[in-house]
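All values reported here derive from a predicted model rather than from experimental measurement.
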Amino acid sequence: MESLHNEEQRRVLMRFFKTGPGEYGQGDEFLGMKVPQTREVVKAVAKDFPIDEVPVLLLSEWHEVRLCGLLILVDQFERLLARRRINDVEAIKKRDAILTMYLQYAERANNWDLVDLSAPKILGGWLVAPLLSLREREKWSCQSGKDERAIKQTVIDDLANSDNLWRQRMSIVCTWKTSQQGDPSWCLRYAEMHLHHPHDLMHKAVGWMLREMGWRCSMDLLRDFLRQHVREMSRTTLRYAIEKMSEEERRVFMNIR
């Protein structure tokens with residue numbers, strides 16, 4: 001990856017991802033690779049890449065190398081979600097190991113693209129996949145006192161209640177997957193929790209996930225949520241949330257705000 005260094009592209013990316021003093025990406029370093037180039041590297045190595053070597057990538061100073069590590073985790077996690085493996089005990093244990101690593105190094109996904117390209121696939125995929133049965137959880141000493149929903153909610157709540165921006169963003173953008181599967185409850189829970197977040201990146205993420213929830217689950221649920229909260233949410237969140245509505249309906253909500 002270092003051999004693909006592109007200085008001109010590096011300068012463009014440093015500006016685009018706000019790496020200057022006081023900006024949200026302050027101090028991040030880029031090689032100057034485009035995402036398709038990183039994906040080509042992932043495609044070549046992901047299937048057989050030892051999971052215990054992924055942290056070497058996640059701890060890299062280079063943004064694109066950290067992205068490579070995250071996309072390797074995504075690739076391996078999605079292979080474990082294949083229909084023939086979805087309920088396999090060994091596959092579930094391996095998914096849990098990937099999730100554990102992802103959460104351990106969550107703060108290395110320290111820009112919005114790193115979060116958005118990994119959280120919906122790993123965290124979101126984990127939310128819609130089965131966990132070990134109660135009997136297996138007891139066998140492997142896994143939180144046997146809680147049902148699946150409670151276990152999953154505890155994990156995402158911990159991210160949402162973190163004081164780290166990128167963990168917080170993970171907690172909302174992972175709901176893209178649950179909404180895609182027809183379950184709006186995760187999006188509604190974390191959209192409400194983050195409704196008063198001070199950062200513009202969270203305003204955009206909440207609005208984006210609300211829009212997707214409405215489009216994939218129920219526009220009426222989205223309308224109900226907006227009617228209840230429209231006066232307290234940021235204009236950015238509202239603009240993102242209503243993008244798939246008619247011009248007339250968008251105007252009505254913007255005027256209420």
Side-chain angles (χ1 to χ4, degrees), residues 16-18 24-25 28 35 38-39 58 63 66-75 77-78 81 95 98-129 152-218 221-222 225-226 229 233-234 236-244:
F16 183 74
F17 285 105
K18 308 295 185 185
Y24 59 74
D28 204 354
V35 172
T38 302
R39 288 193 182 278
L58 299 180
H63 184 104
R66 296 198 304 280
L67 175 59
C68 181
L70 292 167
L71 292 180
I72 287 172
L73 293 181
V74 167
D75 181 275
F77 192 91
E78 291 195 312
L81 285 175
R95 291 200 299 264
I98 291 174
L99 177 80
T100 298
M101 178 174 289
Y102 184 70
L103 295 173
Q104 181 181 353
Y105 292 94
E107 290 175 29
R108 301 302 295 166
N110 57 347
N111 216 311
W112 58 265
D113 63 318
L114 302 178
V115 172
D116 297 356
L117 290 172
S118 60
K121 300 291 182 66
I122 297 175
L123 279 170
W126 181 74
L127 287 177
V128 301
K152 292 174 177 179
Q153 187 170 296
T154 297
V155 170
I156 310 303
D157 280 0
D158 285 346
L159 292 170
N161 291 320
S162 167
D163 58 3
N164 179 268
L165 173 63
W166 310 115
R167 289 178 180 269
Q168 293 166 349
R169 188 173 172 100
M170 286 175 179
S171 72
I172 183 65
V173 301
C174 73
T175 69
W176 181 88
K177 188 71 170 181
T178 52
S179 293
Q180 184 186 44
Q181 297 294 314
D183 182 353
S185 62
W186 296 96
C187 175
L188 293 173
R189 175 179 179 82
Y190 296 105
E192 190 165 19
M193 286 179 69
H194 292 307
L195 207 58
H196 302 108
H197 198 286
H199 204 291
D200 183 62
L201 285 176
M202 290 298 292
H203 300 165
K204 292 175 180 177
V206 170
W208 170 29
M209 289 302 107
L210 284 170
R211 180 188 72 211
E212 292 303 307
M213 184 280 297
W215 184 248
R216 296 174 183 277
C217 298
S218 169
L221 273 179
L222 174 57
F225 185 91
L226 294 178
H229 298 291
M233 65 175 57
S234 74
T236 298
T237 297
L238 179 58
R239 283 197 302 269
Y240 272 62
I242 62 179
E243 278 184 351
K244 292 188 182 292

Undergrad: Within the side chain of Tyr102, is there an N or O that forms a donor-acceptor pair under 3.5 Å with the backbone of Ala119?
TA: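 It does hold such a pair.
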Undergrad: Are any of the side-chain heavy atoms of Leu117 and Arg39 separated by less than 4.5 Å?
TA: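 They are in contact (side-chain heavy atoms under 4.5 Å apart), so the answer is yes.
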Undergrad: When you look at Met193 and Ile172, which way does the side-chain contact (heavy atoms from CB on, under 4.5 Å) test go after all the steps?
TA: CA-CA 9 Å; Met193 286 179 69; Ile172 183 65; over 6 Å; no
Undergrad: So Lys177 and Leu127, do their side chains get closer than 4.5 Å, heavy atoms only?
TA: no
Undergrad: If I take atom CG from residue Leu67 and atom CD1 from residue Ile72, how far apart are they, to the nearest 0.5 angstrom?
TA: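 Answer for the CG-CD1 pair, Leu67 versus Ile72, is 10.0 Å.
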Undergrad: Side chains of Leu81 and Val128: closer than 4.5 Å at any heavy-atom pair?
TA: no
Undergrad: With a 4.5 Å heavy-atom cut-off, do Leu222 and Ile242 have their side chains touching?
TA: no
Undergrad: Testing Phe17, Trp208, Trp166 for ring-ring contact (aromatic ring centres under 6.0 Å, His included) with Trp112, which one passes?
TA: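 It is Phe17; the other options fail the test.
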Undergrad: Does a side-chain N-to-carboxylate-O contact under 4.0 Å join Asp158 and Arg167?
TA: no
Undergrad: Report the distance from atom CZ of Phe77 to atom CG of Leu70, rounding to the nearest 0.5 Å.
TA: 13.5 Å
Undergrad: Distance alone, cut at 3.5 Å: any donor-acceptor contact between the side chains of Asp157 and Tyr190?
TA: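 There is such a pair between these side chains.
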Undergrad: I would like to know whether Met233 and Phe225 meet side-chain contact (heavy atoms from CB on, under 4.5 Å); could you show each step before the answer?
TA: CA-CA 11 Å; Met233 65 175 57; Phe225 185 91; 4.0 Å; yes
Undergrad: I need the minimum non-hydrogen distance between Val173 and Ala205, along with the two atoms involved.
TA: CG1-CB, 4.0 Å
Undergrad: State the CG-CG distance between Leu114 and Leu71, to the nearest 0.5 angstrom.
TA: 8.5 Å
Undergrad: With rounding to the nearest 0.5 angstrom, report the CD to OG1 distance, Gln180 to Thr175.
TA: 11.5 Å
Undergrad: I need the Leu99 CG to Gln104 CD distance, nearest 0.5 Å.
TA: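 So the CG of Leu99 and the CD of Gln104 are separated by 11.5 Å.
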Undergrad: With a 6.0 Å cut-off (strictly less than), is the heavy-atom count around NZ of Lys121, excluding the residue itself, greater than 12?
TA: no
Undergrad: Is the shortest side-chain N to carboxylate O distance from Lys204 to Asp116 below 4.0 Å?
TA: no
Undergrad: Give the intermediate values and the outcome of side-chain contact (heavy atoms from CB on, under 4.5 Å) for residues Leu123 and Leu103.
TA: CA-CA 9 Å; Leu123 279 170; Leu103 295 173; 4.1 Å; yes
Undergrad: For Asp113 and His63: C-alpha separation, side-chain torsions, deciding distance, then whether side-chain contact (heavy atoms from CB on, under 4.5 Å) applies.
TA: CA-CA 10 Å; Asp113 63 318; His63 184 104; 2.7 Å; yes
Undergrad: Side chain of Lys18, backbone of Tyr24: donor and acceptor closer than 3.5 Å?
TA: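 Answer holds: no.
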Undergrad: May I ask you to test the Thr236-Asp200 pair for a side-chain heavy-atom distance under 4.5 Å?
TA: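 Touching, per the 4.5 Å side-chain cut-off.
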Undergrad: Any side-chain heavy-atom pair from Met209 and Tyr240 closer than 4.5 angstrom?
TA: no
Undergrad: Which heavy atom of Arg239 sits nearest a heavy atom of Glu243, and at what distance?
TA: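 Here Arg239 and Glu243 meet closest at O-CG, 3.2 Å.
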Undergrad: Assess, by modelled atom type and distance only, whether the side chains of Ser171 and His194 contain a donor and an acceptor separated by less than 3.5 Å.
TA: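 Yes, side-chain donor-acceptor contact under 3.5 Å.
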Undergrad: Supply the atom-to-atom distance Ser179 OG to Leu188 CG, rounded to the nearest 0.5 angstrom.
TA: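 If I round to the nearest 0.5 Å, the distance is 7.5 Å.
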Undergrad: Using a distance-only test with no angle check, is there a side-chain donor-acceptor pair under 3.5 angstrom linking Asn111 and Arg66?
TA: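 No, Arg66 and Asn111 have no side-chain donor paired with an acceptor closer than 3.5 Å.
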Undergrad: Can you tell if the side chain of His199 reaches within under 4.5 Å of the side chain of Arg169, non-hydrogen atoms only?
TA: no
Undergrad: Is there side-chain contact between Cys217 and Met213, with heavy atoms separated by less than 4.5 Å?
TA: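 SC-SC contact between Cys217 and Met213 confirmed.
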Undergrad: Donor-acceptor pair, distance only, cut-off 3.5 Å: does the side chain of His203 make one with the backbone of His197?
TA: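 Indeed, once roles are kept as given, a pair shorter than 3.5 Å links the two residues.
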